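First the structure, in the form of structure tokens, and then the observations on it.
For the numbers below, each heavy atom of this structure counts, side chains included, while hydrogens, waters and symmetry mates do not. All figures in this text were calculated on a predicted structure; none of them were measured in a lab.
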Amino acid sequence: MTASPGAVTPQEEAVVARLRELAIPFARREHPPVATVEEAERHWTGLDAAHCKNLFVRNQKGTRHYLVILAAAKKADLRAVAEQVGDGKLSFASPERLMTHLGLTPGSVSPFGLIHDRDHNVRVVIDRDLRSAPRVAFHPNINTVTFTVAYGDFQKFLDACGNIVQYVSV
């Protein structure tokens, strides 16, 4: 872990514990609160990782929830994603659904929230281009910190979570 000036936040504690349990090394960087990729880009300078955007969406009936992960520079075509996952129209889920399923608030959406999805209800959808990234960067369930991990270790984390994971072209 890379040292940061501040102490680990309560939101990070469970993520840090899970990464240590899985023997996954990570680097930590603090920054001001950021709610969007555009805000975060100013603080990513020097981070040697693919910067990701994470979208929490649901199907039209609200019966399935997806965490869509793609490179920050890409624009998500939710219609194309829906076709590839075999579902109808996808739309952004409410803050209440985000809290219920991933224990997160808007602006801190992250695959690390899967540690709170004990019933594996959220399906993870990843842009297949990310598989070629040596490292990836995500918030550890709070938008004032970014963790970077090797992509192989991120895959190890996802495998340990037990959620359905599907790769798509975004």
**Prompt:** Under a 4.5 Å side-chain heavy-atom rule over Ile, Leu, Val, Met, Phe, Trp and Tyr, are Y167 and L78 clustered together?
**Reply:**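 Per the 4.5 Å side-chain linkage, Y167 and L78 are not co-clustered.
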
**Request:** Is it possible for you to say whether V81 and L98 belong to one hydrophobic cluster, with membership spreading through side-chain heavy-atom contacts below 4.5 Å?
**Result:**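 Different clusters: V81 never reaches L98 through Ile, Leu, Val, Met, Phe, Trp or Tyr contacts under 4.5 Å.
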
**Prompt:** Is it the case that H31 and T146 place a side-chain donor and acceptor less than 3.5 Å from each other?
**Reply:**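 Their side chains do contain a donor-acceptor pair, which is all the 3.5 Å distance test asks for.
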
**Prompt:** Hey, are D87 and Y66 close enough side-chain-wise for a donor-acceptor pair under 3.5 Å?
**Reply:**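 Yes, because at least one side-chain N or O of Y66 sits under 3.5 Å from a partner of the opposite role on D87.
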
**Message:** What verdict does the side-chain contact (heavy atoms from CB on, under 4.5 Å) test give for E12 and I142, after you've listed the backbone C-alpha separation in whole Å, the side-chain angles of each residue and the deciding distance to 0.1 Å?
**Reply:** CA-CA 7 Å; E12 291 173 77; I142 186 167; 4.0 Å; yes

Which atom names give the shortest non-hydrogen contact between [X] and [Y], and what distance separates them?
X: V168; Y: Q84; value: CB-OE1, 3.2 Å
X: P111; Y: N54; value: CD-OD1, 3.4 Å
X: A14; Y: I115; value: CB-CD1, 3.5 Å
X: V109; Y: L67; value: CG1-CD1, 3.6 Å

Atom [atom1] of [X] and atom [atom2] of [Y]: how far apart are they, to the nearest 0.5 Å?
X: K53; Y: K75; atom1: NZ; atom2: NZ; value: 7.5 Å
X: T148; Y: H51; atom1: OG1; atom2: NE2; value: 9.5 Å
X: H139; Y: N141; atom1: NE2; atom2: CG; value: 10.0 Å
X: I164; Y: L158; atom1: CD1; atom2: CG; value: 13.0 Å

**Item:** Residues L130, C52; criterion side-chain contact (heavy atoms from CB on, under 4.5 Å); working and verdict
**Value:** CA-CA 9 Å; L130 282 177; C52 301; 4.0 Å; yes

[Y] backbone acceptor or donor facing [X] side chain under 3.5 Å:
X: D77; Y: A80; result: yes
X: Q166; Y: V124; result: no
X: R18; Y: F157; result: no
X: D153; Y: I24; result: no
X: T100; Y: E96; result: yes

**Asked** Should the pair F154 and Y151 be assigned to parallel (<30°), tilted (30 to 60°) or perpendicular (>60°) ring geometry?
**Response**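 The rings of F154 and Y151 stand perpendicular, inter-plane angle above 60°.
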
**Prompt:** Between F26 and F147, how do the two ring planes meet: parallel, tilted or perpendicular, split at 30° and 60°?
**Reply:**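 Taking F147 first and then F26, their aromatic rings lie parallel (interplane angle under 30°).
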
**Message:** Can you pull out every side chain to side chain donor-acceptor pair (under 3.5 Å) where at least one residue sits in residues 110-126? Sequence neighbours excluded, please.
**Reply:**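 Non-adjacent pairs meeting side chain to side chain donor-acceptor pair (under 3.5 Å): D117-N163.
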
**Prompt:** Do H65 and F56 have ring centres separated by under 6.0 Å?
**Reply:**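 Between H65 and F56, the centre distance is under 6.0 Å.
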
**Item:** Heavy atoms of other groups near K74 NZ, more than 12 under 6.0 Å
**Value:**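 Yes, the 6.0 Å shell around NZ holds more than 12 heavy atoms from other groups.
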
**Derivation and outcome, side-chain contact (heavy atoms from CB on, under 4.5 Å), residues L90 and N59** = CA-CA 5 Å; L90 297 178; N59 67 352; 4.2 Å; yes

**Prompt:** Should F112 and L19 be marked as a side-chain contact (heavy atoms from CB on, under 4.5 Å) after you check the CA-CA gap, both sets of side-chain angles, and the distance that decides it?
**Reply:** CA-CA 10 Å; F112 292 132; L19 294 177; 4.0 Å; yes

